[in-house]
K.L.:
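The structure under discussion is supplied below as structure tokens; questions concerning it will follow.
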Protein chains: 2
Amino acid sequence: MSPMNTNAQGLLELRLTSHDRFGQRERDLLSGLSWRIEDLPARRIFIHEGDRPAQSCLIVSGAVVRSQYTAEGQRQILSVHIPGDMPDLQSLHIGRMDHDLETVSAARVAFVPHGELHRLCAASTHLNAAFWRESLIDAALHRAAIFRNAQLDADARLAHFLCEMQLRHSAVGLVDADGFDFPLSQELIGEVLGLTIVSINRASQTLRARDLIRMQKGHIQVLDWDGLVRYAQFDSSFLHLRLGDEVLAAAS
Amino acid sequence: MSPMNTNAQGLLELRLTSHDRFGQRERDLLSGLSWRIEDLPARRIFIHEGDRPAQSCLIVSGAVVRSQYTAEGQRQILSVHIPGDMPDLQSLHIGRMDHDLETVSAARVAFVPHGELHRLCAASTHLNAAFWRESLIDAALHRAAIFRNAQLDADARLAHFLCEMQLRHSAVGLVDADGFDFPLSQELIGEVLGLTIVSINRASQTLRARDLIRMQKGHIQVLDWDGLVRYAQFDSSFLHLRLGDEVLAAAS
DNA sequence: CGAAGTATTGACTTGTTTCAATGTTAGTGG
DNA sequence: CCACTAACATTGAAACAAGTCAATACTTCG
């Protein structure tokens, strides 16, 4: 298990190099980025629907959700983002935000100007491909969410979501023998899965009764990875992770 | 209303230039692409989950769906694609397909090798950005689907889907005063919206009774655009279309 | 004409929501 | 250290939207 990397540039390298082995040139280009670090409190909407950001962000610590709202103000969480994610890469090429970005817990977020990213992509087709790929994996996560929310019942839906969270936390070294910290309340998980807090509560009881997981306030532990995967019909390939041995070991 | 363009290169230019005004250089690069045209029958899976395509495709005519399957073989349609769409752009930078591509009706599809697209993107940052943007709009469609399927009831869900289809068909000049041809059966629409054929049938009756749409086998006409938009809580901005006046006029 | 695909309808069942009450936990200030 | 508070978790009962099952009708096409 690699130590958790709380440094923006290190997290980004970890992410981008999980697919491509970069040369020194790419490393130098990356290290030339000027990050502006911001520490945000919990429940802070820091990018709003309709905004036209001139920068993208990287989550360094904490959790962030993307959300859209109904006319009645009911929130739908579109995706959950954890350290290492760049949840607004799309603003590089689509001016207008079609959703909000909001912290769940207190979070450290690093911002980098679009201009610098554009220059980077123009300077290196490798880096261009790596960032593009990040945004494509984002779309793959969306597809998995559409499948999950439409095809699985409440219990399996929660199981599927927890499988995804376990793997994505593993990939950034945030899972240890006790599991991982996860700040979403049952209410928020409900807003991810299109279920009410009551259903989430009952689903989590089912999974706990089957000894698949442990789930306490702010912390999740997968007790039976294979069982959970089976229960959730979870196919990890959509994450398009190149998981190292240590990650797979931690996951099981 | 522009005449329908059944030529691959013309469709692609129409799409890419809806955001960026290209110079002659970009036009020349695009016209250098060597398309292989294929005419496919209805219900043909032409790219399978797990494939590693060496080419991307552009839909010239007909309709195509992306789908994933449950363990029991139940299909979830992730998105619906129409002429002008490039539904497997992601294979440019993510090797493995995480879903199938299948024709609904007979369809004409144009294929172009990844190598040529990579060369194009390396040769022009404008074209690189344009293709990247296409894949980002794809992700935006996914987000709208997550929202729609989780937050709207059966009637509104169908209305929302029809709003999206009307606008996307408009953008490629496929809508006239009588509406547009649309080959998805009620059963398939159900697989898009996460509903059964029975619910789709009843939802379509609701919308017809309110004089919002006409919906006959293979053809859809929006009778009251504003009413349909209101009923669906539809916000067209997620499509990130730069709609010309003629498109907006046709839509309303 | 027959056959296959598609659309429609009604009766019944079920998973999830809604509503409402109660329990638990962590943090705050007296 | 305990009382107080707010957020979060849990439980039960009733209501409801959508699913399931099953029969019937319409359309298209060989």
Side-chain angles (χ1 to χ4, degrees), chain A residues 41-43 63 65 70 72-77 103-106 148-162 181-209 213-220 231, chain B residues 41-44 63 65 70 72-77 102-106 148-162 181-209 213-220 231:
Chain A
R43 293 156 191 262
V65 295
T70 63
E72 299 83 35
Q74 176 68 38
R75 174 173 57 184
Q76 175 64 36
I77 295 180
T103 60
V104 174
S105 54
R148 176 189 70 203
N149 292 358
Q151 292 295 337
L152 306 180
D153 66 18
D155 295 349
R157 225 183 281 184
L158 177 60
H160 193 281
F161 176 65
L162 294 179
D181 289 326
F182 192 63
L184 268 72
S185 64
Q186 295 187 352
E187 175 131 44
L188 286 190
I189 295 175
E191 292 181 24
V192 176
L193 302 181
L195 295 166
T196 58
I197 181 176
V198 176
S199 295
I200 298 297
N201 189 281
R202 287 172 178 146
S204 80
Q205 288 178 49
T206 305
L207 300 184
R208 280 177 286 172
I213 61 160
R214 223 176 278 174
M215 202 173 158
Q216 306 132 40
K217 199 186 182 114
H219 198 85
I220 284 167
Y231 197 88
Chain B
R43 295 157 190 261
R44 165 70 53 87
V65 295
T70 63
E72 298 84 35
Q74 175 69 38
R75 173 173 58 183
Q76 175 64 35
I77 295 180
E102 176 176 0
T103 59
V104 174
S105 53
R148 175 190 69 203
N149 292 358
Q151 293 294 336
L152 305 180
D153 66 19
D155 296 348
R157 225 183 281 182
L158 177 60
H160 193 282
F161 176 65
L162 294 179
D181 289 326
F182 192 63
L184 267 72
S185 65
Q186 294 187 353
E187 175 131 44
L188 286 189
I189 294 175
E191 291 181 26
V192 177
L193 302 181
L195 296 166
T196 57
I197 182 176
V198 177
S199 295
I200 298 297
N201 188 281
R202 287 172 178 145
S204 79
Q205 287 177 50
T206 304
L207 300 184
R208 279 176 286 172
I213 60 160
R214 223 176 280 174
M215 201 173 158
Q216 306 132 39
K217 198 181 182 117
H219 198 86
I220 285 166
Y231 196 87

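Just so it is clear: chains get the letters A, B, ... in the order the sequence lines come, proteins before strands, and each one is counted from 1.
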K.L.:
Taking atom C1' of D/dT27 as reference, at what distance in whole Å does atom NZ of B/Lys217 sit?
P.N.:
6 Å
K.L.:
Any N/O pairs under 3.5 Å between the protein and nucleotides 2-4 of chain C? List them or say none.
P.N.:
none

K.L.:
Does A/Gln76 reach the side chain of A/Thr70, with side-chain heavy atoms less than 4.5 Å apart?
P.N.:
no
K.L.:
Whether B/Gln186 contacts C/dG5 is assessed here as follows: a side-chain N or O lying under 4.0 Å from the phosphate OP1 or OP2. Is that the case?
P.N.:
no
K.L.:
Does A/Gln216 place a side-chain N or O at less than 4.0 Å from the phosphate oxygens OP1/OP2 of D/dA9?
P.N.:
no
K.L.:
Under 3.5 Å, is there a donor-acceptor pair between the side chain of A/Arg157 and the main chain of A/Leu152?
P.N.:
yes
K.L.:
What do you reckon, is CD of A/Gln205 surrounded by more than 12 foreign heavy atoms closer than 6.0 Å?
P.N.:
yes
K.L.:
Shortest non-hydrogen contact from B/Val192 to B/Ile77?
P.N.:
CG2-CG2, 3.6 Å
K.L.:
Between N or O atoms, less than 3.5 Å apart, protein on one side and nucleotides 19-22 of chain D on the other: list the pairs.
P.N.:
{"residue": "D/dG19", "atom": "OP1", "partner": "B/Thr196", "partner atom": "N", "Å": "3.4"}
{"residue": "D/dG19", "atom": "OP2", "partner": "B/Thr196", "partner atom": "N", "Å": "3.2"}
{"residue": "D/dG19", "atom": "OP2", "partner": "B/Thr196", "partner atom": "OG1", "Å": "2.9"}
{"residue": "D/dG19", "atom": "OP2", "partner": "B/Ser199", "partner atom": "OG", "Å": "2.4"}

K.L.:
On the nucleotide C/dT8, are OP1 or OP2 found under 4.0 Å from the side-chain N or O atoms that B/Arg208 carries?
P.N.:
yes
K.L.:
Would B/Phe161 and B/Arg148 count as a side chain to side chain contact (heavy atoms under 4.5 Å, CB included) if you check the C-alpha gap in whole Å, the side-chain angles of each, and the deciding distance to 0.1 Å?
P.N.:
CA-CA 8 Å; B/Phe161 176 65; B/Arg148 175 190 69 203; 3.7 Å; yes
K.L.:
If you look at every heavy atom in A/Leu193 and A/Leu158, which pair is closest and at what distance?
P.N.:
CD1-CA, 3.7 Å
K.L.:
Quickly work out the A/Ile189 CD1 to D/dC8 P distance and round it to whole Å.
P.N.:
12 Å
K.L.:
In whole angstrom, what separates A/Asn149's CG from C/dT17's P?
P.N.:
11 Å
K.L.:
Is A/Asn201 near enough to D/dA9 that one of its side-chain N or O atoms lies under 4.0 angstrom from OP1 or OP2?
P.N.:
no
K.L.:
Measure NE2/A/His219 against P/C/dT25 and give the value in whole Å, please.
P.N.:
17 Å
K.L.:
Looking only at heavy atoms, what is the nearest atom pair of A/Ala63 and A/Ser105, with distance?
P.N.:
N-OG, 3.3 Å
K.L.:
Salt-bridged, A/Arg75 to A/Glu187, with N to O below 4.0 Å?
P.N.:
no
K.L.:
Out of C/dA7, C/dG5, D/dC8, which nucleotide sits closest to the side chain of B/Arg43?
P.N.:
C/dG5
K.L.:
Could you tell me how far apart A/Leu193 (CG) and C/dG15 (C1') are, to the nearest whole angstrom?
P.N.:
15 Å
K.L.:
Where do A/Ala159 and A/Tyr231 come nearest, in terms of heavy atoms and distance?
P.N.:
CB-CD2, 3.9 Å
K.L.:
Quick one: B/Leu152 CG to C/dT17 P, roughly how many Å, whole number?
P.N.:
15 Å
K.L.:
Rounding to a whole Å, what distance do you find between A/Gln205:CD and C/dG23:P?
P.N.:
16 Å
K.L.:
Check whether B/Thr103 reaches the backbone of B/Ala106 with its side chain - one donor and one acceptor, N or O, closer than 3.5 Å.
P.N.:
no
K.L.:
I need the CG-P distance between B/Leu184 and C/dA7, as an integer number of Å.
P.N.:
10 Å
K.L.:
Using C1' atoms of five pairs at each end, report the bend of the helix from C/dC1-D/dG30 to C/dG30-D/dC1 rounded to 10 degrees.
P.N.:
30°
K.L.:
Out of curiosity, A/Leu162 CG to A/Ile220 CD1, how far, rounded to the nearest 0.5 Å?
P.N.:
5.0 Å
K.L.:
Please determine, by modelled atom types, if B/Thr206 and B/Arg202 share a side-chain donor-acceptor pair under 3.5 angstrom.
P.N.:
no
